[in-house]
Amino acid sequence: MKMFVVFVTLVHVSQHASAVELYEGEEFVLLPCEFQTFEMKDPTVVWSRDDLDPPTVHQRQQEDDQLTYQNQLYSGRTSMMPDALKTGDLTLKLTKLQLSDSGTYTCTARTLGGQRRVGNIQLKVKVSQHASAVELYEGEEFVLLPCEFQTFEMKNPTVVWSRDDLDPPTVHQRQQEGDELTYQNQLYSGRTSMMPDALKTGDLSLNLTKLQLSDNGTYTCTVTALGGRWRVGNIQLKVKERFPYWSKVLLVLLVLLAVGLVAGGLLVHFRHYFMSVCQVEVDSGVKSVLLPCKTTVHLPEDVTVEWRDGGYRTVHVYQKDSDRPEEQDQFYRGRTEMKLLKPGDLSLTLKSPTDTDRNTYTCTAYSRKGDILMRKQVELRVRVYQVEVDSGVESVLLPCKTTVHLPEDVTVEWRDGYNRTVHVYQKVSDRSGEQDQVYRDRTEMKEDLLRTGDLSLTLKYPTDTDRDRDTYTCTVYSRDGRILMEKQVKLRVRVCQVEVDSGVKSVLLPCKTTVHLLKDVTVEWWDGGYRTVHVYQKDSDRPEEQDQFYRGRTEMKLLRAGDLSLTLKSPTDTDSNTYTCTIYSRKGDILMRKQVELRVRVYQVEVDSGVESVLLPCKTTVHLPEDTEVKWTDRDNRTVHVYQKDSDWPEEQDEDYRGRTEMKEDLLRTEDLSLTLKSPTDRDSNIYTCTAYSREGRILMEKQVELRVKVCQVEVEEGVESVLLPFNTTVHLPEDVTVEWRDSYYRTVHVYQKDSDRSGEQDQVYRDRTEMKEDLLRTGDLSLTLKSPTDRDRDTYTCRVYSRERRILRLKKVQLKVKG
């Protein structure tokens with residue numbers, strides 16, 4: 001178990017926070033704080049972060065924890081010692097560390113005599129290789145995306161960093177020989193690197209430099225070797241704009257104004273910079289493409305002509321009547337040619353263009369002194385042929401035909417976007433030993449292919465997984481390794497989609513095949529997390545092989561030949577997934593594979609904070625016996641309400657819900673299992689699940705409801721005389737109630753009790769600044785007027801109405817924003 005404990009004692013006020021660094025995903029951290037609270041009257045300790053709204057991380061009073069105003073980021077993850085206020089050990093335990101936990105934590109002790117900021121601790125949570133999100137700004141020098149794996153124990157390992165939303169998806173690839181960037185997406189050209197000994201040490205971290213907005217995305221670190229393929233981890237990178245849009249517009253206007261004063265002369269002198277970009281578009285698979293560049297400018301004999309791509313890589317250099325291949329980037333070596341047949345024609349021929357050559361190319365002519373004589377740009381677009389099929393088809397053809405005459409000693413090689421070998425044909429035969437294991441026994445090429453020029457590839461059992469949904473490249477090499485022809489094909493696999501409402505009795509995931517199946521086949525269903533959903537073998541189900549999440553919830557009827565559909569009972573939002581049905585022969589060969597995407601819609605209820613109650617609807621047509629147990633839980637699996645044996649069981653409820661829930665009478669007969677939740681606040685925004693269990697614990701019915709509680713927002717300008725925080729209720733309020741307004745620090749803003757205001761109980765920050773209306777209990781208008789609001793008053797305020805027994809009768813939150 002991972003743990004990190006900080007041994008620091010903070011007794012005196014410190015304006016300089018101690019810094020603690022650890023990794024996301026660590027089991028817990030202890031943030032220390034000591035103060036002599038045992039000498040104080042009615043002490044309260046508050047852990048907070050000033051950069052959050054609300055700022056409260058944890059609050060402890062003498063009675064117990066007071067988490068009403070806790071920021072939802074920390075729900076269920078904070079705790080303190082039970083006797084903290086007696087011993088003075090106010091240490092905070094924070095579990096399941098997240099990147100969002102980074103910040104400065106303040107420990108404050110309060111009492112009737114005032115408050116004291118005991119100390120600050122700065123917590124830095126660093127990215128782990130399982131990070132969910134990393135946020136930073138455009139223009140940052142670099143970011144290190146971590147990934148660790150024991151590649152030093154593997155044979156011929158390759159690591160690929162990729163983004164599935166790009167085409168091609170490769171960000172960086174490292175093999176034992178070095179970087180392999182042939183299929184790198186041009187967005188990352190010259191901006192990625194890994195440690196030289198990465199595959200020896202297992203530190204596969206990626207260094208990405210000069211961050212751009214286009215770098216936003218989820219990065220996947222994948223390791224492949226002869227033994228298989230492992231997706232090590234995902235990291236979501238969020239690159240934010242450093243300057244708001246309005247400031248950019250203003251800057252542009254100012255620049256244009258300044259430039260306009262001198263534009264006339266500059267435009268004439270630098271006219272070659274403002275030429276339009278020529279666009280050229282060709283199909284992947286053509287022998288070559290011409291990037292035109294002609295000029296009427298007289299060029300001297302000692303001119304240098306240089307072609308570069310958008311990543312500033314050198315494509316071609318012509319100088320002193322000859323080409324300079326030694327100055328070319330290796331990606332273009334042997335693939336470019338300048339003929340210079342006519343004066344002023346500096347056009348470039350690029351051989352075997354593919355989608356990775358899609359770029360903007362710049363041709364520049366320099367004088368002997370280095371002055372620019374002419375510059376022109378050409379945008380090249382390479383169209384990739386697309387093939388689209390349904391998941392479940394027996395095979396798909398990736399077409400590739402050529403009219404180029406191919407000698408008998410050529411090598412034909414198909415590769416995917418990860419540069420894995422899909423198929424190799426050499427010396428009149430297939431070379432299955434060179435295939436990546438993902439494709440073994442799944443590919444086929446036609447006979448006599450060199451004579452016919454048909455190099456098409458058949459791929460069996462295609463699925464929508466990232467291993468098949470890809471861009472495939474067919475390359476023909478001469479005996480000496482020169483590329484004779486190259487073509488790309490993009491494959492998309494459509495997945496059958498099924499959508500149902502949460503609460504239905506069951507859902508059918510269809511899977512039918514026309515393939516003749518023998519009796520000894522094995523049918524296996526698994527979900528997107530590779531958990532076994534259902535196994536059918538030798539004429540019977542194999543429940544012992546199921547993941548426990550699906551046990552007792554699946555059924556295969558096999559009513560007709562070739563119908564392998566699966567019934568999933570009581571589907572909820574957690575079942576939304578992509579499911580794969582695979583049929584294996586007795587030898588383990590794949591006979592058929594199909595995918596089904598399931599989406600379970602959750603019923604949504606939205607109310608305003610301050611309503612008396614909200615109804616979470618749940619009705620069923622399933623007959624429920626008298627000994628049924630009905631249980632409502634929230635997303636964190638906390639018990640909201642339990643009904644069993646004709647009565648409620650409040651002792652089983654989580655303390656957050658005690659005294660706040662209610663179900664109808666005679667609910668099993670009416671089949672109305674709806675739940676009433678009283679005084680809902682934004683903390684109650686959650687997904688609630690209603691489950692009906694039989695006496696044996698079987699699920700008879702399950703339905704989900706998503707609750708969203710909106711917080712009232714009020715916005716005013718700083719300097720106004722006052723602001724109204726509204727709260728109106730139609731509920732009849734008895735005369736002995738207490739109305740209490742508090743801020744997110746749990747400071748008392750205003751108290752109304754026994755027909756009068758109680759100014760003596762107010763926090764000094766609010767004294768003489770608040771006001772409530774007369775006769776408020778009769779009118780039900782509990783609104784609060786706050787005078788002379790400033791930026792310091794920007795907060796979330798809560799109004800509670802207590803009965804004489806201190807039960808909460810009504811509760812509402814109002815968020816105040818004061819603009820400076």
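Any value given below was found using the heavy atoms of this structure, including those in side chains, with hydrogens, waters and symmetry copies removed. Along the sequence shown, residues are numbered consecutively beginning with 1. Just so we're clear, the structure is a prediction, and the values are computed from it rather than from any experiment.
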Worksheet item: Do the charged groups of Arg708 and Glu706 touch, with an N to O distance under 4.0 Å?
Response: yes
Determine whether the side chains of [X] and [Y] contain a donor N or O and an acceptor N or O closer than 3.5 Å.
| X | Y | value |
| --- | --- | --- |
| Ser803 | Glu805 | yes |
| Gln59 | Gln66 | no |
| Thr104 | Asn120 | no |

Response to the item:
Tyr105 meets the ring pair (Phe, Tyr, Trp, His ring centres under 6.0 Å) criterion, sequence neighbours left out, with none
Mark yes or no for whether [X], through its side chain, and [Y], through its backbone, hold a donor-acceptor pair below 3.5 Å.
| X | Y | answer |
| --- | --- | --- |
| Ser576 | Val600 | yes |
| Asp763 | Thr748 | no |
| Trp632 | Tyr688 | no |
| Arg769 | Val749 | no |

Worksheet entry | From Thr796, Asn71, Asp795, residue fulfilling side-chain hydrogen bond (donor to acceptor under 3.5 Å, both in side chains) relative to Ser744 | Asp795
Discussion item. Looking at Glu651, I want to see if its CD is surrounded by more than 12 non-hydrogen atoms of other residues, nucleotides or ligands under 6.0 Å.
Written reply: yes
Item to complete: May I ask you to establish whether Arg531 and Phe549 are in a cation-pi arrangement, using a distance under 6.0 Å from NZ or CZ to the six-membered ring centre and at most 45° from the ring axis?
Response: yes
Worksheet item: Is Trp649 close to Thr639 at the side-chain level, that is, under 4.5 Å between some pair of heavy atoms?
Response: no
Worksheet item: Does any non-hydrogen side-chain atom of Glu740 lie less than 4.5 Å from one of Tyr802?
Response: yes
Worksheet entry | Chi angles and distances behind the side-chain hydrogen bond (donor to acceptor under 3.5 Å, both in side chains) call for Thr572, Thr574 | CA-CA 5 Å; Thr572 67; Thr574 53; 2.7 Å; yes
Item to complete: Hey, could you give me each pair passing salt bridge (charged side-chain N to carboxylate O under 4.0 Å, His left out) that has a residue in residues 73-89? Not counting sequence neighbours.
Response: Arg77-Asp101
